[in-house]
Amino acid sequence: MDKLTVKIASIDKITHDVLKIVTNKPKDLKFTPGQAAEISINKKVWANEKRPFTFTSLPNNDYLEFNIKTYPSHKGVTNELLDLKKDDELILHDVFGAISYKGEGVFIAGGAGITPFISIFRYLQSINEIGNNKLIFANKTKNDIILYDEFNNLLGDNFINILSEEVIDEFAYGFITDDFLKDYINDSTRNIYLCGPPQMMDAVKKQLTRLEVDQNVITEEEI
Ligand SMILES: Cc1cc2nc3c(=O)[nH]c(=O)nc-3n(C[C@H](O)[C@H](O)[C@H](O)COP(=O)(O)OP(=O)(O)OC[C@H]3O[C@@H](n4cnc5c(N)ncnc54)[C@H](O)[C@@H]3O)c2cc1C
């Protein structure tokens with residue numbers, strides 16, 4: 001894909017460390033829900049510093065949206081995004097991504113690993129096909145949960161939160177375990193979608209192996 005420059009229409013914090021960035025959408029841009037693009041900031045020293053971020057808007061929206069967790073300590077691209085304002089520009093390079101919807105199942109996300117699932121769930125909502133899809137979302141604290149209200153309204157009891165650093169009555173506490181997964185995954189689970197940081201992905205994949213889950217039902221991407 002040729003490079004495409006987009007202009008920021010709005011940039012807001014949606015949690016203490018996650019930015020929602022909305023831009024115009026170039027008419028030549030094509031993607032499917034769950035896909036990402038290599039993105040850089042259109043400023044002299046940053047234009048070639050590409051990082052992958054997932055589209056959280058739908059392909060047929062006339063705008064693009066990204067939800068981006070920022071890491072000021074890395075002094076990298078996400079730190080620089082914190083200084084951007086309306087009318088600043090981003091450059092979109094290649095579009096890619098391993099996650100796409102293949103049918104009803106269990107989605108397991110850790111932190112910013114939720115981003116491919118945002119677009120997929122919004123897509124399913126738009127065609128009235130949320131069905132019995134379940135979302136297990138692992139975070140440190142309630143304040144880290146991206147789009148809590150949206151997922152709660154969309155999924156009700158099928159939105160399952162687990163927090164590793166905060167005890168809250170209605171949420172599970174700790175890391176995901178084999179026993180925890182057993183409550184949501186069984187022989188009839190046709191699809192498992194997994195996206196999160198490397199350590200979490202490794203741990204959950206080992207748990208799924210121990211639960212004798214068929215590897216073919218797993219769709220995964222590391223974030
Ligand atoms: C397919 C895909 C899609 C993604 N989509 C999203 C998304 O939609 N939203 C989202 O929030 N994230 C997403 N990510 C993750 C996102 O790409 C990274 O968080 C982002 O690249 C971080 O960029 P950065 O420049 O801020 O930091 P980095 O590139 O991680 O770090 C910059 C530099 O900081 C240093 N550094 C690295 N780690 C540390 C550390 N722990 N402490 C101090 N210094 C460090 C290194 O020198 C490094 O070169 C996605 C990842 C993938 C693979």
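Remember, it's 1-based here, ligands and their atoms both numbered in the order they're listed.
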Seminar exercise, completed: Any heavy atom of F53 under 4.0 Å from ligand 1? The part involved is both
Exercise. Any Lys/Arg nitrogen of R122 or E65 sitting under 4.0 Å from an Asp/Glu carboxylate oxygen of the other?
Worked result: yes
For this session: Might you check, step by step, whether the distance between atom 39 (C) of ligand 1 and some protein heavy atom is under 4.0 Å?
Result: yes
For this session: Mark whether atom 14 (N) of ligand 1 lies under 4.0 angstrom from at least one protein heavy atom.
Result: yes
Exercise. By number and element, which atoms of ligand 1 are closer than 4.0 Å to a non-hydrogen atom of G76?
Worked result: 25 (O), 26 (O)
Exercise. So, does T115 use its side chain to make a donor-acceptor pair with the main chain of A112 at under 3.5 Å?
Worked result: yes
Exercise. At the 4.0 Å heavy-atom cut-off, does K75 count as touching ligand 1?
Worked result: no
Exercise. Looking at F66, Y123, Y63, F96, which one forms a ring pair (Phe, Tyr, Trp, His ring centres under 6.0 Å) with F55?
Worked result: F66
Exercise. Does T78 reach ligand 1 with a nitrogen or oxygen that is under 3.5 Å from one of the ligand's nitrogen or oxygen atoms?
Worked result: yes
For this session: Determine whether the side chain, the backbone, both or neither of N67 has a heavy atom under 4.0 Å from any heavy atom of ligand 1.
Result: backbone
For this session: Would you tell me which option among E221, H74, E65, K69 has the nearest heavy-atom contact to atom 30 (O) of ligand 1?
Result: H74
Problem set entry | Under-4.0 Å salt bridge between D179 and K182 | yes
Exercise. From atom 47 (O) of ligand 1, is the closest protein heavy-atom distance below 4.0 Å?
Worked result: no
Problem set entry | Atoms in ligand 1 flagged as close to F96, the criterion being non-hydrogen separation under 4.0 Å | 1 (C)
Exercise. Do any nitrogen or oxygen atoms of V77 come within less than 3.5 Å of a nitrogen or oxygen of ligand 1?
Worked result: yes
For this session: Anything under 30° is parallel, anything over 60° is perpendicular, the rest tilted; go ahead and classify F107 against F117.
Result: perpendicular
Seminar exercise, completed: Per-atom filter on ligand 1: closer than 4.0 angstrom to a heavy atom of E222 are 52 (C), 53 (C)
When the side chains of residues 157-172 are checked against the rest of the protein, which donor-acceptor pairs come out under 3.5 Å, sequence neighbours left out?
{"residue": "N158", "atom": "ND2", "partner": "N132", "partner atom": "OD1", "Å": "3.0"}
{"residue": "E166", "atom": "OE1", "partner": "K142", "partner atom": "N", "Å": "2.7"}

Exercise. Counting distance only, does the side-chain N/O of T70 pair as donor-acceptor with the main-chain N or O of T78 below 3.5 Å?
Worked result: no
For this session: Using the rule that two of Ile, Leu, Val, Met, Phe, Trp, Tyr join whenever any of their side-chain heavy atoms come within less than 4.5 Å, decide whether F137 and I185 are in one cluster.
Result: no
For this session: Would you verify that at least one protein heavy atom lies under 4.0 Å from atom 10 (C) of ligand 1, or report that none does?
Result: yes
Exercise. What atoms in ligand 1 come closer than 4.0 Å to a heavy atom of T54?
Worked result: 3 (C), 4 (C), 5 (N), 6 (C), 7 (C), 8 (O)
For this session: Report the part of A112 (side chain from C-beta onward, or backbone N, CA, C, O) that has a heavy atom under 4.0 Å from ligand 1; answer both or neither where that applies.
Result: side chain
Exercise. Taking only heavy atoms of T115, which atoms of ligand 1 are found under 4.0 Å from at least one of them?
Worked result: 5 (N), 6 (C), 7 (C), 8 (O), 9 (N)
For this session: Using the rule that two of Ile, Leu, Val, Met, Phe, Trp, Tyr join whenever any of their side-chain heavy atoms come within less than 4.5 Å, decide whether V95 and L90 are in one cluster.
Result: yes
Problem set entry | R210 and D178 ion-paired at < 4.0 Å | yes
Exercise. Do D144 side-chain atoms and T141 backbone N/O form a donor-acceptor pair below 3.5 Å?
Worked result: yes
Exercise. If you measure from each heavy atom of F66 to ligand 1, is any distance below 4.0 Å?
Worked result: no
